Structures are given as C-alpha cells and as structure tokens.
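Quick notes on the structure that follows.
Note that this is a predicted model, so its numbers are computed, not measured. Computation of the quantities below employed the complete heavy-atom set of this structure, encompassing side-chain atoms and omitting hydrogens, waters and symmetry-equivalent molecules.
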Amino acid sequence: MLNVLLIDDSMVIRKMLRRVLGECNLGVNEIHEAGDGSAALKVLEANTVQLILCDVNMPVMNGMEFLEEKQKNSAWKDIPVLMVTTEGGMENVMKAVQLGAKGYIHKPFTTDEVKQKLLQCLGAGVA
C-alpha cells in the first residue's frame, strides 16, 4: 500500500490528482497534501511516504527547492518524486532529474498520462 504526498499550491490540482490516483488502482493507502515545499517537509517529518507528486511553481518553497532539501535527508532521499507542472523547458526537466525527480507530468494531464508515469516511476525507471 502506497502513502502519497501531493504538493501543489492549487487545491484544485491536488483534488484532481487525488481523484486520478483513485482511478489508477495502484493500492494507495493514504494521501497527504501540502501547499508548498516547506509544508511538505513537515508532512515528511510526521509521516511515512512512498511517492511524491510535486508542483514546480509554488510560494514559500518551490518544487526545485523542495527537491534540494529532500535530497539532504537520507530517510527521504530515495522517495520517488514526479514533478507535475506547466513548466516544459528542458533546463527545468534536467535540473529536476539531477535533484532526484523520476519524471515529469505536464499540466493539463489525463488519468492515463498520470497512470503511465506513476507505473514507470514506481518501476524505478525515469518517467
């Protein structure tokens, strides 16, 4: 069973991702939410998480800054992260992968796209 953390400053996007996760039938146990990277670090301190879906552009602490902080903690370093964003530039994709992201999901997304990326990510390949 997977415990998932959704990090996005948009409650609407978090709600959509929650619905999509339910439709993917991946054995999701708990879904935690955070509105920015700083709040997400607090969620990680208090909960066991096996998968993270993270926006790039957020206030307080953006997705790239979150990835940098996550990599510093040995307990969190290997948790797979999929970036969910409108950012499509190759530079951002490469930076996120260097910081440990397993792949990108571009907004707007479909259930099938998310499911495919999740399966690739959980299979340990770069999505």
Side-chain angles (χ1 to χ4, degrees):
M1 296 296 280
L2 286 175
N3 291 337
V4 180
L5 172 55
L6 305 177
I7 312 168
D8 199 301
D9 56 321
S10 168
M11 189 182 305
V12 172
I13 295 294
R14 292 194 314 262
K15 190 173 185 176
M16 289 171 60
L17 286 170
R18 186 178 277 273
R19 181 185 50 78
V20 168
L21 284 169
E23 293 175 10
C24 287
N25 298 318
L26 295 173
V28 174
N29 182 39
E30 291 181 340
I31 299 176
H32 304 280
E33 296 185 19
D36 63 66
S38 179
L41 294 173
K42 292 175 182 162
V43 171
L44 287 176
E45 288 172 358
N47 300 278
T48 301
V49 172
Q50 289 85 24
L51 176 67
I52 300 170
L53 283 79
C54 182
D55 188 15
V56 172
N57 295 315
M58 296 177 289
V60 184
M61 179 185 285
N62 69 39
M64 297 300 182
E65 293 166 334
F66 168 77
L67 286 174
E68 289 174 3
E69 291 302 312
K70 179 188 151 297
Q71 287 300 97
K72 294 177 185 177
N73 186 313
S74 61
W76 307 334
K77 189 176 181 179
D78 295 326
I79 301 171
V81 178
L82 281 176
M83 303 306 288
V84 182
T85 185
T86 56
E87 297 281 328
M90 198 57 173
E91 183 179 316
N92 282 333
V93 171
M94 295 306 297
K95 182 177 181 185
V97 169
Q98 288 171 346
L99 292 171
K102 296 291 183 188
Y104 257 75
I105 298 170
H106 295 280
K107 297 176 189 174
F109 49 79
T110 66
T111 301
D112 288 341
E113 287 171 323
V114 174
K115 186 174 184 177
Q116 178 186 9
K117 293 287 186 175
L118 288 172
L119 291 172
Q120 290 173 350
C121 178
L122 295 171
V126 173

Out of curiosity, Lys102 NZ to Asp78 CG, how far, rounded to the nearest 0.5 Å?
7.5 Å
I'd like to know if Met11 and Leu21 are part of one continuous hydrophobic network [Ile/Leu/Val/Met/Phe/Trp/Tyr, side-chain heavy atoms within less than 4.5 Å].
no
Taking distance alone, no hydrogens or angles, what donor-acceptor pairs closer than 3.5 Å link side-chain atoms of residues 58-70 to residues at least two apart or in another chain?
residue, atom, partner, partner atom, Å
Asn62, OD1, Met64, N, 3.0
Asn62, OD1, Glu65, N, 2.8
Glu65, OE1, Asn62, N, 2.8
Glu69, OE2, Lys72, NZ, 3.0
Lys70, NZ, Trp76, O, 3.2
Lys70, NZ, Lys77, O, 3.0
Lys70, NZ, Ile79, O, 3.1

Looking only at heavy atoms, what is the nearest atom pair of Ile7 and Gly37, with distance?
CG2-N, 4.1 Å
Measure the OG1-CG distance between Thr48 and Leu2 for me, rounded to the nearest 0.5 Å.
12.5 Å
Can you measure from NZ (Lys117) to CG (Leu119) and round to the nearest 0.5 angstrom?
12.0 Å
What I'd like to find out is whether the side chain of Thr111 reaches to under 4.5 Å of the side chain of Val20, using heavy atoms alone.
yes
Ion pair present between Glu23 and Arg19, side-chain N to carboxylate O less than 4.0 angstrom?
yes
Glu113 and Phe109 have their tightest heavy-atom pair at OE1-CA, 3.2 Å
Spacing of CE belonging to Met94 relative to CD belonging to Glu91, to within rounding of 0.5 Å
10.5 Å
If we only count heavy atoms from C-beta on, is the Leu51 to Leu26 side-chain gap below 4.5 Å?
no
If you measure from CG on Leu6 to CE on Met16, what distance do you get to the nearest 0.5 Å?
12.0 Å
Closest approach of Pro80 and Cys121, non-hydrogen atoms and distance?
CB-SG, 3.4 Å
What's the shortest heavy-atom distance between Ala101 and Met83, and which atoms?
CB-CG, 3.9 Å
Going by the salt bridge (charged side-chain N to carboxylate O under 4.0 Å, His left out) test, which pairs reach into residues 41-55, not counting sequence neighbours?
Asp55-Lys107
How many angstroms lie between atom NZ of Lys15 and atom CG of Asp8, to the nearest 0.5 angstrom?
14.5 Å
For residues Leu44 and Ile52, determine if any side-chain heavy atom of one lies less than 4.5 Å from a side-chain heavy atom of the other.
yes
Between Leu17 and Val12, is there shared hydrophobic-cluster membership here, with clusters defined by ILVMFWY side-chain heavy atoms closer than 4.5 Å?
yes
All salt bridge (Lys or Arg N to Asp or Glu O under 4.0 Å) counterparts of Glu33, not counting sequence neighbours:
Arg14, Arg18
Between Leu118 and Leu53, does a side chain to side chain contact (heavy atoms under 4.5 Å, CB included) hold up when you go through it step by step?
CA-CA 9 Å; Leu118 288 172; Leu53 283 79; 4.1 Å; yes
Quick one, Asn3 and Asn47 - any side-chain contact, counting heavy atoms below 4.5 Å?
no
